[in-house]
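Following: one structure in structure tokens, then a few remarks.
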Amino acid sequence: MVVKSSKTESFLPARKVWERYGVTSMTLHRWVNDPARNFPEPHYIGRFRYWRLTDLQVWENSQRRGRLPQ
């Protein structure tokens, strides 16, 4: 499921982000709370977390230049 905002930005729900990186919810939580990792902050809609797809792509590109996410 990809959510589109009114500005045609794509957002991924937390489950899709887990699947994208092959990690668990707890790992995703740790990435968000680790300033050294510089993982994008989620956007909350109600109690659900979503990530802007472009933010994730920028983060992925930065990881390719350095080291891969763990």
- Check Asn38 against Trp59 and note the closest heavy-atom contact, atom names and distance. O-CD1, 3.1 Å

- Query: Taking Trp31 for the side chain and Arg37 for the main chain, is one N or O donor matched with an acceptor at less than 3.5 Å?
  - Reply: no

- Cluster overlap Phe11 with Phe48, hydrophobic side-chain contacts below 4.5 Å: yes

- Task: For residues 40-49, pull every pair meeting salt bridge (Lys or Arg N to Asp or Glu O under 4.0 Å), keeping only residues two or more places apart or in separate chains.
- Result: none

- Starting from the C-alpha separation in whole Å, work towards a yes-or-no answer on side-chain contact (heavy atoms from CB on, under 4.5 Å) for Tyr21 and Glu60. CA-CA 10 Å; Tyr21 300 115; Glu60 290 168 5; 2.6 Å; yes

- Mind checking whether Glu19 and Leu12 have side chains closer than 4.5 Å, heavy atoms only? no

- Item | Results of ring pair (Phe, Tyr, Trp, His ring centres under 6.0 Å) for His29 - residues two or more places apart only | none

- Who pairs with Arg52 by salt bridge (charged side-chain N to carboxylate O under 4.0 Å, His left out), at least two apart in sequence or on another chain? Glu9, Asp55

- Item | Inter-residue atom distance Asn33.CG - Leu28.CG, 0.5 Å rounding | 9.5 Å

- Task: Can you see which heavy atom on Pro40 is nearest to which on Val32, and at what distance?
- Result: O-CG2, 4.1 Å

- Item | Neighbour count >12 (heavy atoms, 6.0 Å) for atom CZ, Arg15 | no

